[in-house]
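Reviewing the structure listed below.
Read the numbers this way: they start at 1 and go in the same order the structure lists the ligands and their atoms. Computed from heavy atoms alone, side chains included, the values below leave out hydrogens, waters and symmetry copies.
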Amino acid sequence: MAYPTRVKLVDVGPRDGLQNEKQPVPAAVKIELVHRLQDAGLKEIEVTSFVSPKWVPQMADNAEVMAGIRRQPGVRYSVLVPNMKGFEAALASKPDEIVVFGAASEAFSQRNINCSIAESMERFAPVVAAARANGIYVRGAISVAVGCPYQGEVSPAGVELVARLMKEIGVQHCGVADTIGVGTPRKVQAAMEAALKHYALDDISGHFHDTYGMALVNTAACLEMGIWQYDASVAGLGGCPYAKGATGNVATEDVVYMLHGMGIATGIDLDKLIDAGKYISDFLDRKPNSRAATAILNKRNNEACAVPS
Ligand SMILES: CC(C)(COP(=O)([O-])OP(=O)([O-])OC[C@H]1O[C@@H](n2cnc3c(N)ncnc32)[C@H](O)[C@@H]1OP(=O)([O-])[O-])[C@@H](O)C(=O)NCCC(=O)NCCSC(=O)C[C@@](C)(O)CC(=O)[O-]
């Protein structure tokens, strides 16, 4: 299949990226990050999650962050929701999209959302119905689609099962997530093929963490299948609090650099995106975890230091 000519990237940095940070990140900083991402051309931003603050304290300011965003026409703002309590709170903040998140392994489902896969679907079903009744689009995320920190290998059959269950309860989009970044191209393609048994190509996305440095090559493998929607996190922020040892998501800057180099449009201004990544990295007192951002920031510094002849 030919590569897509255009790719949609969802920046999950404000949510997936920051949820695991130990230091408090003020709502104002999260809001500024969202503003910088939309100014860089991101058309979908995963802003926060309406989960239990006892489980993920960093997202406790969800309503404040959603209320503080200067919404830009054409940009979609999504939030994670695990149950009806979360949905009711999220609804008041007017998201364009909600994300219900299940897992392809029983062990991860228990650790992450404290219930079995079957129970998670029972919880999600009324959430999905209520969201759709309110005109809110529903994405589903299938975590640990190629490997689980508690179970080990995850088979494509596990992904297919969760994709089928999500489809049956009315989830409109299926995100296939390599939560701990253990996937390699053929394994990731097999997980995608499993999801494709229940979702159309246009309703599937990839979400890759970069623990083993495989996220870009896995993205390229999915591009070969025609998959044109991906999550990524500015400055490579992130990690799931219930997937110890996993590093951040693939850096949005690296994905944009690769796609533009392949002649694939994203609508994103790489320089502005790098500035957004530097903004949040400076706040967190670290360097952006992006090879492309590091190279371009070094180039900028060298140019600034160059002595005119
Ligand atoms: C799902 C629960 C809530 C079940 O947690 P539980 O303890 O089984 O829930 P419960 O219904 O028994 O309620 C216990 C307490 O939590 C409260 N509660 C219950 N629900 C909510 C809510 N929505 N918002 C706020 N509070 C809530 C509830 O009111 C009660 O409060 P208490 O009476 O003790 O004071 C919990 O396990 C949880 O919050 N888990 C979230 C874990 C999480 O956010 N993980 C990271 C996101 S997933 C991810 O990062 C992966 C992804 C998507 O990026 C893709 C990938 O890479 O894999």
Side-chain angles (χ1 to χ4, degrees), residues 10-21 46-63 66 78-93 95 97-105 107-117 119-124 126-127 130-131 138-151 154 158-159 162 166 171 173-183 188 191 195 205-211 215 218 230-233 236-250:
V10 178
D11 202 294
V12 297
R15 195 282 303 173
D16 204 1
L18 294 178
Q19 69 180 4
N20 209 21
E21 285 299 330
E46 201 172 272
V47 177
T48 186
S49 59
F50 285 82
V51 299
S52 163
K54 287 183 192 146
W55 284 62
V56 185
Q58 186 65 260
M59 296 286 109
D61 58 3
N62 41 33
M66 284 296 281
S78 54
V79 300
L80 257 64
V81 168
N83 53 19
M84 273 313 281
K85 186 176 169 86
F87 177 73
E88 277 150 19
L91 185 61
S93 76
E97 225 170 277
I98 61 156
V99 184
V100 292
F101 48 107
S105 101
F108 192 80
S109 184
Q110 289 291 352
R111 301 283 184 117
N112 196 37
I113 50 175
N114 205 24
C115 64
S116 69
I117 293 172
E119 286 163 344
S120 73
M121 296 300 150
E122 281 168 28
R123 286 184 189 175
F124 297 155
V127 172
V138 183
R139 270 198 286 141
I142 304 181
S143 289
V144 296
V146 285
C148 168
Y150 312 110
Q151 175 188 301
V154 173
V159 177
V162 180
M166 284 194 172
V171 173
H173 177 102
C174 177
V176 177
D178 180 10
T179 312
I180 56 170
V182 289
V188 166
S205 58
H207 174 114
F208 304 126
H209 287 254
D210 203 28
T211 318
N218 290 338
Y230 299 90
D231 295 349
S233 178
L237 298 172
C240 175
Y242 298 98
K244 295 274 176 274
T247 63
N249 294 78
V250 64

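For atom 26 (N) of ligand 1, the nearest protein heavy atom is under 4.0 Å away. Within a 4.0 Å radius of atom 14 (C) of ligand 1, the protein has no heavy atom. Protein heavy atoms are absent from the space less than 4.0 angstrom from atom 10 (P) of ligand 1. Checking atom 1 (C) of ligand 1 against the protein gives a heavy-atom contact under 4.0 Å. Within a 4.0 Å radius of atom 33 (O) of ligand 1, the protein contributes no non-hydrogen atoms.
R139 has a carboxylate O that lies under 4.0 Å from a charged side-chain N of D231, or vice versa, which qualifies the two as a salt bridge.
Among protein heavy atoms, atom 21 (C) of ligand 1 sits closest to K85 CD, 3.6 Å. Nearest to atom 8 (O) of ligand 1 among the protein's heavy atoms is N114 ND2, 2.7 Å. Of all protein heavy atoms, the one lying nearest to atom 54 (O) of ligand 1 is R15 NH2, 2.7 Å. Distance from atom 57 (O) of ligand 1 to its nearest protein heavy atom, with residue and atom name: H207 NE2, 2.9 Å. Of all protein heavy atoms, the one closest to atom 24 (N) of ligand 1 is V51 O, 3.3 Å. For atom 35 (O) of ligand 1, the closest non-hydrogen atom on the protein side is K54 NZ, 2.9 Å. Nearest protein neighbour of atom 16 (O) of ligand 1, counting heavy atoms only, is S52 OG, 3.9 Å. In terms of protein heavy atoms, atom 51 (C) of ligand 1 is closest to S143 OG, 3.6 Å.
The shortest N or O to N or O distance between D178 and ligand 1 is not under 3.5 Å.
Every atom of ligand 1 is numbered from 1 in the order shown, and the set under 4.0 Å from a heavy atom of G86 is 23 (N).
Contact annotation for T179 and ligand 1: heavy atoms of both the backbone and the side chain come within less than 4.0 Å of the ligand. Contact annotation for A177 and ligand 1: only side-chain heavy atoms (C-beta onward) come within less than 4.0 Å of the ligand.
Considering H209, Q110, Q19 only, the shortest heavy-atom separation from atom 47 (C) of ligand 1 involves Q19. The residue among I142, I113, N112, N62 with a heavy atom at the shortest distance from atom 48 (S) of ligand 1 is N112. Checking N83, V56, V100 against atom 19 (C) of ligand 1, the nearest heavy atom belongs to N83.
In this structure, G238 falls outside the shell of residues with a heavy atom less than 4.0 angstrom from ligand 1.
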* **Evaluation steps, side chain to side chain contact (heavy atoms under 4.5 Å, CB included), between I98 and V79** => CA-CA 5 Å; I98 61 156; V79 300; 4.1 Å; yes
* Verdict with supporting geometry, E119 and N114, side chain to side chain contact (heavy atoms under 4.5 Å, CB included) -> CA-CA 9 Å; E119 286 163 344; N114 205 24; over 6 Å; no
